[in-house]
Amino acid sequence: MSSLSNSVIRRYTPPTCTLEILAPPSALSRWKKRSDPTQLKFQLRFDDPRLPAEQRMSISGSRAQLDALHQAVTSYVQDLVNKSPAEFGAMFSAAQATNDTVDTAAISDTGVTPSQSNAAPPNSAIQPPQRQIHLQPSKSLSHALSLGTLATPQTGSIIHLSLLQLFDLATALDEYATDVVALPNLKRTLFVYPPAWASIAAVLVATVGVTTAALQYYSRPVLLTNKSTSTQNSINNPQQQIAAPPTIPPLTSLETLPPPPPPAGSIQRVPVPNTTSQLPPTTVAKIPSAAPGNPPGNTTPQTTVITPKQSKITPQSAPTKSPTASKPVAVIPNPLPQFNSPIPQPQTTNPQPIPTFTLPPTQSTLPPSTPTPQSIIPPKQPSTPTPQSLASLKQPSTPTPTRVPQNLTPPKQPQKTAFDSVPQVAEVREYFQRRWEPSAGVRETLEYSLLLDADGSIQRIEPLGQAASRYIDRTGMPLLGENFVSPSKNGATPRIRLVLSPDGKVRSFLEPE
Amino acid sequence: MLKAMHSSANKSPTPNLTPQWDELNQIKPNIDQLDNIKTHLDLVLLALEALAGISSEAMLQAATQLNLESKVPDRVALWRLRQSNPLRKGEGGRKKLDVEEARSLVLICCYLAKQHQELIRRAVALLEQLAQNNEAPHKAALLGDYIDAFTNIYQERMEDEQVSTETLTQLALKLLIDLLFYSGPSGHRRFWLALIDRSK
C-alpha cells in the first residue's frame with residue numbers, strides 16, 4: 001500500500017522508522033465525520049538514515065496486524081528488560097550460537113535486513129506459527145522480527161532490528177496505541193481526513209467562523225495552546241509529519257494508558273478519564289475562535305497574549321483531574337496532536353488533544369498558500385509593557401550578549417548561564433532546549449516574553465515579532481496556567497525573555513521589571 | 001524491616017496524580033519483593049550517575065519537576081531511599097522503602113533517562129557496533145568510562161566488594177540497555193513491571 005499523503009492521519013517518526021496510520025479508503029470518498037478506526041491501515045517504514053536506500057524496508061497492513069505487531073514488540077521488550085544481566089547475556093549467546101549454525105541472510109551493522117528465506121529463528125525451542133508476528137533475539141544484540149502475514153517479497157519473512165531500531169519501533173507503536181486508547185469517545189471524529197474539496201469548503205466555512213470568532217477573540221481570554229507544529233510543517237513540507245501534537249496530547253494519552261499488566265496486554269479501550277468528558281462541547285466551541293481558519297502555515301493565533309480569566313489550572317489540579325469545562329481551551333486548529341513529540345512532563349495533562357480531533361476542516365491538507373490573515377491575530381495586547389513591539393519585525397536582536405556559553409558546568413550537569421538570576425530562567429531554558437527543534441521553515445530567531453505566575457505556570461506569552469507569532473506552535477510553548485517551571489520563592493512573577501534561534505540555541509534571561 | 005504497603009491516605013497527598021503514577025498504581029508488589037526492588041532502583045540510579053554524571057541535585061530537580069517533592073524532598077531523603085538497598089554498605093541509614101517511594105524513584109529514573117536519551121542512544125549504538133565486530137565494549141571511550149565509573153561507584157558503595165569486574169560490566173551494560181527502554185513513552189511502565197518481575 002502506498003502512503004497517500006492525503007490519507008495519512010497519523011505519523012510517528014522516531015529516528016529509525018516511520019509509522020503512518022492511514023484512513024480507510026471509504027473515508028476519502030465521502031464527507032463524513034464518522035470513521036471506523038478498525039478499518040485503519042498502517043504503513044511502517046524502517047528508514048534508519050544509516051541504511052542505504054535499498055535496505056530500507058517497508059511493510060503495511062491492517063489495524064489488526066498493527067495491533068498484533070504492537071503486542072509482539074511490547075511483550076518482547078518487556079521480556080528483555082525483565083531479564084537479569086546473566087539471562088540477557090545468555091539469551092544472546094544462545095542466539096549467536098544458533099545463528100552461527102544456521103544459514104541466515106547477512107546482517108549489516110546497522111541494519112534492517114531481510115532474510116533471504118525462512119531461516120530458522122535463533123531460538124528453535126518452539127516454533128511459533130509462521131504467520132504469527134513475533135520477535136526473537138538474534139546475534140550481536142540484534143533482534144529478528146518475524147513478520148508473519150506482514151511479510152512481503154521485498155522484506156522476506158524476517159527483518160533484523162538493532163536495539164535502537166527496536167526501541168524506536170516500540171516507541172512509535174506505543175505512541176500509536178496511546179492515541180488509539182485515549183480517544184474512544186471521539187471515535188466519530190477520530191482519524192477523519194476529509195478529501196481536498198471538502199477541506200476547501202471547510203476553509204470557507206472556517207473563514208466565516210473566524211470572522212465571528214475574531215469578535216469574540218478580543219473580548220474573552222483564550223488560552224494559547226501549546227505547540228502544534230505539524231500543521232505548519234505539513235503544509236510547508238508534505239514529507240513532514242502531518243499530525244502536530246501539542247505536546248500535551250501525548251500526556252493526556254498517558255493518562256489513559258491501560259493498566260499495565262501484561263506487557264503482552266493488548267490495546268485496551270479505556271475510557272478517557274474526566275478530562276475528555278468535559279471537553280468536547282467546550283473545546284469544539286472554542287476552536288473556531290482559535291483558528292483564524294488558516295491551518296496552513298502561518299496561522300495560529302497563538303500569539304495572543306491572554307490573561308486567563310477562568311481559573312487557571314494549578315499544578316495540583318491540572319493534571320488528570322480535568323479542568324472545568326469552562327476552562328478556555330483554545331485550540332490551535334491542528335486536528336491532530338503531535339504524537340511524535342517527546343513527552344515533556346509526565347504531569348502535564350491536557351485536554352487539548354481532544355479538541356483538535358474535532359476540527360477536520362482545518363487540517364493540514366489545506367493548500368499551504370493561503371496567507372494568514374494576520375490581522376486576525378492580535379500580535380500583542382496593547383497593555384503589554386514590553387518595550388519591544390511587533391514593529392521589530394526583523395529578528396529581534398537580543399539586547400543581551402547571549403553568547404555566553406551555556407555549558408558553564410560540566411556538560412552533564414544542569415546547564416547554567418550568567419543570566420540565571422532566578423532559577424526559573426534556567427528552567428525555562430532547559431524546558432525549551434528539550435523541545436526546540438528548528439525546522440527548515442524557521443529561519444528567524446523567535447523571541448518571547450514570558451510572564452510567569454508565582455506558581456511557576458505561564459501567565460502571559462508575548463511573542464515579539466511576526467516570526468515569533470507565526471511559529472509559536474513550533475516552539476513547544478506550554479499552555480497558560482500549565483505546569484512549567486518551579487514556583488517563585490517569594491511569590492514573585494518574573495518576566496523571562498526566551499530566545500529561540502534557528503540553529504537550535506535556546507537562551508533565556510530575566511527581564512527587568 | 002520492610003514498610004508495609006499502605007494507602008496513600010496515610011501519607012501526605014499523593015504528590016501528583018500523573019497518568020504514570022496512576023498507572024504504576026495498578027500493580028503493587030508484595031512486601032517481600034521490596035528488598036529486591038530497592039536494589040534494582042538503586043542500581044538504575046547508579047547507572048544514570050555513571051553514564052551521565054547525574055547528581056543528587058539533578059535527581060531532586062527531577063522530583064520537583066514531577067511534583068514528587070513530598071516523597072523526595074531533599075538530599076538526605078534521597079540518600080535514605082537509596083541507602084535502603086540491602087546491598088549497600090553501612091548499618092546506618094533508613095532501610096525502608098514503601099511502594100509510593102518506589103514509584104517515585106521509577107518516575108524520576110525514567111524522567112532522567114528521557115532527559116539523557118541522546119547520550120543513552122549513543123552509548124547503545126556504540127555497544128551494538130562493538131558487539132557486531134566482536135570487540136570489547138571498553139574500546140569505545142564513552143562505554144569504557146561508563147563501565148569504569150559504574151564499577152567504581154558500585155564497589156565504593158556496596159557491601160560485596162568481591163563481585164567480579166566481568167559481572168559488573170555485564171550488569172552495567174544491561175542497565176544501559178534498560179535505560180534506553182525506560183527513556184521511551186512507556187518507560188515507566190516497563191520499569192515498574194521489570195521491578196516486580198525481577199523481584200520475584
Side-chain angles (χ1 to χ4, degrees), chain A residues 15 74 77-78 80-86 88-89 92 107 109-110 139-142 162-164 166-168 170-171 174-175 177-178 250-263 273 315-316 319-321 342-343 345-349 410-414 427 430 434 483 486, chain B residues 13 15-27 51-55 57-58 61 64-67 107 110-111 114-117 119 121 124-125 127-129 131-134 167 169-175 177-178 180-186 188-194 197-198:
Chain A
T74 299
V77 167
Q78 191 63 51
L80 278 185
V81 297
N82 285 355
K83 291 263 186 296
S84 68
F88 186 83
F92 282 96
I107 297 174
D109 283 348
T110 58
K139 71 177 188 181
S140 305
L141 298 180
S142 68
S162 67
L163 270 169
L164 289 180
L166 173 65
F167 170 67
D168 287 341
T171 297
D174 284 342
E175 290 173 347
T178 298
L251 300 176
T252 305
S253 57
L254 270 183
E255 293 178 25
T256 62
L257 279 172
Q316 292 310 317
T320 42
K321 305 331 158 187
I343 299 167
Q345 293 178 9
Q347 74 273 24
T348 317
T349 314
K412 293 171 183 163
Q413 301 299 327
E427 290 169 11
E430 285 162 23
R434 291 196 292 275
N483 264 346
S486 56
Chain B
N16 181 8
L17 292 177
T18 64
Q20 293 115 322
W21 183 271
D22 289 342
E23 199 182 2
L24 300 188
N25 217 356
Q26 306 281 343
I27 292 187
L51 178 68
I54 291 175
S55 62
E57 189 58 39
Q61 276 188 3
T64 302
Q65 287 293 318
L66 298 168
N67 283 344
L107 294 179
C110 293
Y111 178 90
K114 188 175 186 63
Q115 267 193 336
H116 295 84
Q117 191 184 80
L119 181 63
R121 288 185 74 105
V124 171
L127 179 62
E128 290 186 301
Q129 270 183 336
Q132 288 279 351
N133 299 330
N134 280 322
T167 301
T169 300
Q170 199 176 45
L171 175 61
L173 295 177
K174 176 56 174 39
L175 286 169
I177 293 170
D178 290 347
L180 175 67
F181 290 103
Y182 296 161
S183 70
S186 296
H188 60 287
R189 176 177 25 181
R190 292 200 176 103
F191 190 3
W192 189 245
L193 290 174
D197 183 89
R198 295 264 293 273

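Convention: sequence-line order gives letters A, B, ...; per-chain numbering from 1.
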Evaluate side-chain contact (heavy atoms from CB on, under 4.5 Å) for A/L80 paired with B/I177, printing each intermediate quantity in order.
CA-CA 9 Å; A/L80 278 185; B/I177 293 170; 5.7 Å; no
CA sep, side-chain torsions, deciding dist, call: A/F88, B/L173, side-chain contact (heavy atoms from CB on, under 4.5 Å)
CA-CA 10 Å; A/F88 186 83; B/L173 295 177; over 6 Å; no
Walk me through whether B/R190 and A/D174 qualify under side-chain contact (heavy atoms from CB on, under 4.5 Å).
CA-CA 12 Å; B/R190 292 200 176 103; A/D174 284 342; 2.8 Å; yes
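Of all heavy-atom pairs between B/T64 and A/S486, the closest is CG2-CB, 4.5 Å. Shown here for B/A131 and A/S140, the closest heavy-atom pair between the two residues is O-OG, 3.5 Å.
Looking at A/E175, its side chain never comes within 3.5 Å of a backbone N or O of B/P185 through a donor-acceptor pair. Side-chain atoms of B/K174 come within 3.5 Å of backbone atoms of A/K83 as a donor-acceptor pair (strictly under, hydrogens ignored).
With rounding to the nearest 0.5 Å, the separation of OG in A/S162 from CD in B/Q132 is 8.5 Å. Expressed to the nearest 0.5 Å, how far CD of B/E128 lies from CG of A/L163 amounts to 4.5 Å. Taking CD of B/Q65 as the reference point, atom CD of A/E430 lies at 8.0 Å (rounded to 0.5 Å). Note that CD of A/E427 is 7.0 Å distant from CD of B/Q61, once rounded to the nearest 0.5 Å.
Looking at B/T167, there are no atoms closer than 4.5 Å to chain A (heavy atoms on both sides), in backbone or side chain. Using a 4.5 Å cut-off between heavy atoms, B/F191 makes no contact with chain A at all.
Your options are B/D178, B/L180, B/L171, and the one with the most heavy-atom pairs under 4.5 Å with chain A is B/L180. Ranking A/V77, A/D168, A/T171, A/L164 against chain B, the residue ahead of the rest is A/L164, based on heavy-atom pairs under 4.5 Å.
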